[in-house]
Trainee: 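My questions all concern the structure below.
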Protein chains: 2
Amino acid sequence: MPDKPHARGLEGVIAGETAICSVEQGALIYRGYEIHDLAEHATFEGVAHLLLHGEKPSDAQLKTFRERVAAERPVPAPVIDYLRASKGPLAEGSAVPMDVLRTCVSILANLDAESQSIDHDANLRKAERLLAKIPTIIGHMQRIIDGKDLVEPERGGDPALSHAANLMYLMTGEKPSPEAEKVMDVSLILYAEHDYNASTFASRVIAGTLSDMHGAVTGAIAALKGPLHGGANEAAMEMLKEIREHLDKGGTVRDFMDNAFATKRKLMGFGHRVYKNGDHRAPILHKLGRKMAEAKGADAVKWFEIGEEVQQIMLKDKQIHPNVDFPCGLTYYTMGIPVPQYTPIFVASRITGWAAHIIEQHDNNRLIRPIAQYTGPGPRQWNG
Amino acid sequence: MPDKPHARGLEGVIAGETAICSVEQGALIYRGYEIHDLAEHATFEGVAHLLLHGEKPSDAQLKTFRERVAAERPVPAPVIDYLRASKGPLAEGSAVPMDVLRTCVSILANLDAESQSIDHDANLRKAERLLAKIPTIIGHMQRIIDGKDLVEPERGGDPALSHAANLMYLMTGEKPSPEAEKVMDVSLILYAEHDYNASTFASRVIAGTLSDMHGAVTGAIAALKGPLHGGANEAAMEMLKEIREHLDKGGTVRDFMDNAFATKRKLMGFGHRVYKNGDHRAPILHKLGRKMAEAKGADAVKWFEIGEEVQQIMLKDKQIHPNVDFPCGLTYYTMGIPVPQYTPIFVASRITGWAAHIIEQHDNNRLIRPIAQYTGPGPRQWNG
């Protein structure tokens, strides 16, 4: 029964070491490379190789990595059966795409001959398989929701396409423009890794019992779903849609925000546990997304203008900066992606960071088991 | 990039408060009641009510609680379909019962009309539904593994039976003796709750993003599976079986243990992150399990004798006490329960503690997001 002051939510507490990522006030580093450098010069596949294998790939390594992952894209029939059932007998409840994706990853453990191993090389192979299959699951899920045929299920899309382009192809049946592919690719780079964020930390707590990768990723998906974490990109866009409706009825962004402040509404996509002076990733994505919106026309630009006004008010009145989820919502909306798939797409990227952390945890393990301060009733007797 | 000493695995670090449980060197307290008192005087259902609803139930409350939970025991057809598929098209990989149970709980979110709510009362209802359905999943899974008919799937067993007795009935098709029911019931009381253990902590990290209960429980199951956590009861029994084979070949417990020490083999079911002078739960279960073994005959007692010799050697040579998973393995083995179901049975109990913690987290939430110490490469350029 310890009775000491402690940091709520482990704020500022060092929970362990990592060689994968450093989240700093002035920079976000993936294994030594800064995020602006990566967003400008790398591809998502290069970053995925960096995170999983520890180094930037040579051209030859990148080629074989891409081929290896592309070959693993098809998902087994039982997963497709479950996806179809989620629109049929399994649609009785209220599951959302993040729940369905969580179940699919859990089912994949049934079909993976190495699912029980926590050996370093087996973990890497499983990581590549999950990286390959998650976009296929998302794409097939969306096609089933839309009542359309799956896109090349026997190949899991087109092996010649990049991770970003194939994800979009699987969802829509159309290969994206080079501009749209680039924006998606950059968003995946920005989302790939963020040290001990809640979902990654959950995956390390799970892996720290020497449980396996599929289980740790399943738990990470569950954590990412929350609106205080990855779910913020969906929540931010839902709020922007509310604001636009409010404008259509003659209101202003200012009075919407004043009302939100007065009712102490939690505004998603703003603030960050670690970044106190803004999230470096947000302006990178905002700029790219806005450029794409400008090419699309006035209606698309209007969303960014509303978003910019919201940001200005948040900064002026509350001194709170947007995080990357705010421009992500706007950007994916401009690209025509259904809102409930924003956080699953985040998974299609963050699987690289999670897997790297699970491998790091397994390779130098120590059970993660803190203690609690007891605040409950004093001693009593059952038959007292 | 903080550079300070930190506790590996958050050992001894207070990660938050709880009114549910206090794990102390001299006692284990569930909401004010000590574990010896509960094991002797309470039933598992009474403890489940205490953990979920905060208070020991009156006789009338206990009756309605039991009826409410018993009514929720049947599991939906799609879950049974998945269980059957796990022996068919889904048996290609290497999933174990804990993986299958994890997937079943994840699927239940599809079928729960309240799956997205984190409201206190909705959470309690979902907790009772999960408490009810998990033994049914375990029982049906075992019947399918054994190639036998499901036991009363339309009712999820016999509504007149206790949680402990019904779990055994669902697995075997036979109603247990009062003695066996009592031992199972006590094991479930002992397993119900343990403050910020790794699986509960994982569930709180997930819930702390404001993600939902099914997701948080899915992650907790993944964590409990690990041999450094709940999986220890299976691992301990597998080791005892190895020792008995060694004895059958003319070896001794002493030379098996000496060899284990020499090869730095990790012995599961011994030691505990928090308890330094032994786990109070272990002797309670050992005594009950041994009594049952004595009623069964010499072969059953032999397992306990081997276990006792292992314990003596561990204490004398390494000063390490057994934890509750060690006598649990022996006890469940004596009861004829298949080893891969030991940790799923742990889930059938710990679901109460997990759910109580998830509700506590949601009711007074703060995102759980620690920081990491970066140990990776220094600054470098992608096109350097």
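Chain letters run A, B, ... following the sequence lines, proteins first, then strands; residues in each count from 1.
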Trainee: If you count heavy-atom pairs within less than 4.5 Å of chain A, which of B:G215, B:G219, B:G9 leads?
Mentor: B:G9
Trainee: So what's closer than 4.5 Å to chain A heavy atoms on B:C21: side chain, backbone, both or neither?
Mentor: backbone
Trainee: By a 4.5 Å heavy-atom criterion (distance strictly below it), what part of A:A198 contacts chain B: side chain, backbone, both, or neither?
Mentor: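 Both the backbone and the side chain of A:A198 come within 4.5 Å of chain B.
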Trainee: Between chain B and each of A:A77, A:P227, A:A207, A:G208, count heavy-atom pairs under 4.5 Å; write down the option with the most.
Mentor: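 Of the options given, most contacts go to A:P227.
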Trainee: When rounded to the nearest 0.5 angstrom, what distance separates CD in B:Q381 from CG in A:L38?
Mentor: 9.5 Å
Trainee: In terms of heavy-atom pairs under 4.5 Å, which option from B:Y82, B:F201, B:Y33 contacts chain A the most?
Mentor: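 The answer is B:Y33.
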Trainee: Under a 4.5 Å heavy-atom cut-off, does chain A meet the side chain of B:A202, its backbone, both or neither?
Mentor: both
Trainee: Let me know if B:V217 has heavy atoms under 4.5 Å from chain A in its side chain, its backbone, both or neither.
Mentor: neither
Trainee: Between A:R369 and chain B, with a heavy-atom cut-off of 4.5 Å, which part of the residue counts as in contact: side chain, backbone, both or neither?
Mentor: both
Trainee: Relative to chain B, which segment of A:H36 carries a heavy atom at a distance below 4.5 Å: side chain, backbone, both, or neither?
Mentor: neither
Trainee: For the backbone of B:I371 and the side chain of A:R273, can you confirm whether one donor and one acceptor N or O come within less than 3.5 Å of each other?
Mentor: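 No, because the side chain of A:R273 does not come within donor-acceptor range (under 3.5 Å) of the backbone of B:I371.
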Trainee: Hey, which of A:A220, A:G230, A:S211, A:G32 has the most heavy atom pairs under 4.5 Å with chain B?
Mentor: A:G32
Trainee: Where on B:L367 is there a heavy atom nearer than 4.5 Å to chain A: the side chain, the backbone, both, or neither?
Mentor: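 Contact with chain A is through both the backbone and side chain of B:L367.
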Trainee: Determine the option with the most heavy-atom pairs under 4.5 angstrom with chain A, choosing from B:E11, B:R31, B:H41.
Mentor: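 Most heavy-atom pairs under 4.5 Å with chain A: B:R31.
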Trainee: Do side-chain atoms of A:S94 reach the backbone of B:D112 as a donor and acceptor pair under 3.5 angstrom?
Mentor: yes
Trainee: Which atoms of B:I221 are under 4.5 Å from chain A, going by heavy atoms: the side chain, the backbone, both sets, or neither?
Mentor: neither
Trainee: For B:D81, which atoms come within 4.5 Å of any heavy atom of chain A: side chain, backbone, both, or neither?
Mentor: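 The answer is neither part of B:D81.
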Trainee: Measure distances from B:S86 to the heavy atoms of chain A and classify the residue's part below 4.5 Å as side chain, backbone, both or neither.
Mentor: both
Trainee: With only heavy atoms counted, which part of A:V79 is less than 4.5 Å from chain B, the side chain, the backbone, both or neither?
Mentor: neither
Trainee: Taking NZ in A:K276 as the centre, count heavy atoms belonging to other residues, nucleotides or ligands within less than 6.0 Å. Is the count above 12?
Mentor: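 More than 12 within 6.0 Å, yes.
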Trainee: Specify which of B:R380, B:H214, B:Q25, B:E34 makes the most heavy-atom pairs with chain A at under 4.5 Å.
Mentor: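 The residue among B:R380, B:H214, B:Q25, B:E34 with the greatest pair count is B:R380.
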Trainee: What heavy-atom pair brings B:T209 and A:A223 nearest, and what distance separates the two atoms?
Mentor: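 Taking every non-hydrogen atom into account, OG1-O, 2.9 Å.
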Trainee: Donor-acceptor pair, distance only, cut-off 3.5 Å: does the side chain of A:T18 make one with the backbone of B:Y374?
Mentor: no
Trainee: Just how far is it from atom CG of B:N110 to atom NZ of A:K87, taken to the nearest 0.5 Å?
Mentor: 11.0 Å
Trainee: Under a 4.5 Å cutoff for heavy-atom pairs, which residue among A:V205, A:T375, A:I368 has the most contacts with chain B?
Mentor: A:T375
Trainee: Between B:L228 and A:R366, is there a side-chain heavy-atom distance shorter than 4.5 Å?
Mentor: no
Trainee: Taking the side chain as every heavy atom from C-beta outward, state whether B:N383 and A:K56 have any atom pair closer than 4.5 Å.
Mentor: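 They are in side-chain contact.
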Trainee: Look at B:V105, B:N197, B:I107, B:T218 and state which one has the largest set of heavy-atom pairs under 4.5 Å with chain A.
Mentor: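 Top option by heavy-atom pairs under 4.5 Å: B:N197.
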Trainee: With a 4.5 Å cut-off on heavy-atom pairs, point out which of A:N365, A:L50, A:L210, A:T200 contacts chain B the most.
Mentor: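 Top count of heavy-atom pairs under 4.5 Å with chain B: A:L210.
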Trainee: Under 4.5 Å heavy-atom distance to chain A, tell me which part of B:R102 shows up: side chain, backbone, both or neither.
Mentor: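 Contact with chain A: backbone and side chain both.
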Trainee: Taking A:D37 for the side chain and B:W382 for the main chain, is one N or O donor matched with an acceptor at less than 3.5 Å?
Mentor: yes
Trainee: B:A113, B:S199, B:C104: which one forms the most heavy-atom pairs within less than 4.5 Å of chain A?
Mentor: B:A113
Trainee: Rounded at 0.5 Å granularity, tell me how far CD1 in A:I14 sits from CG in B:L10.
Mentor: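 The CG atom of B:L10 is 11.0 Å from CD1 of A:I14, to the nearest 0.5 Å.
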Trainee: Using heavy-atom distances under 4.5 Å, tell me whether B:V274 contacts chain A through its side chain, its backbone, both, or neither.
Mentor: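 Interface part for B:V274: side chain.
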Trainee: Minimum heavy-atom separation for A:A95 and B:S115, please, with both atom names.
Mentor: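 Here A:A95 and B:S115 meet closest at N-OG, 4.0 Å.
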Trainee: Side chain, backbone, both or neither: which part of B:E114 has a heavy atom under 4.5 Å from chain A?
Mentor: backbone
Trainee: Let me see the working for B:Q116 and A:K225 under side chain to side chain contact (heavy atoms under 4.5 Å, CB included), right down to the final yes or no.
Mentor: CA-CA 11 Å; B:Q116 304 310 309; A:K225 176 189 172 187; 2.8 Å; yes
Trainee: Does A:E40 have more than 12 heavy atoms from other residues, nucleotides or ligands lying within 6.0 Å of its CD?
Mentor: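 No, CD of A:E40 has 12 or fewer neighbouring heavy atoms, counting only those of other groups under 6.0 Å.
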Trainee: Measure B:H194 against the heavy atoms of chain A and call it side chain, backbone, both or neither at under 4.5 Å.
Mentor: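 The answer is both parts of B:H194.
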Trainee: Who wins among A:P379, A:G16, A:P78, A:A109 for the most heavy-atom pairs under 4.5 Å with chain B?
Mentor: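 Top option by heavy-atom pairs under 4.5 Å: A:G16.
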Trainee: Non-hydrogen atoms of chain B under 4.5 Å away: do they reach the side chain of A:T103, the backbone, both or neither?
Mentor: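 Both the backbone and the side chain of A:T103 come within 4.5 Å of chain B.
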Trainee: Any side-chain heavy atom of B:E17 sitting closer than 4.5 Å to one from A:R8?
Mentor: no
Trainee: Shorter than 4.5 Å, heavy atoms on both sides: which option in A:P370, A:G376, A:A85, A:G226 has the most such pairs with chain B?
Mentor: A:P370
Trainee: When rounded to the nearest 0.5 angstrom, what distance separates CD1 in B:I206 from CG in A:L224?
Mentor: 11.0 Å
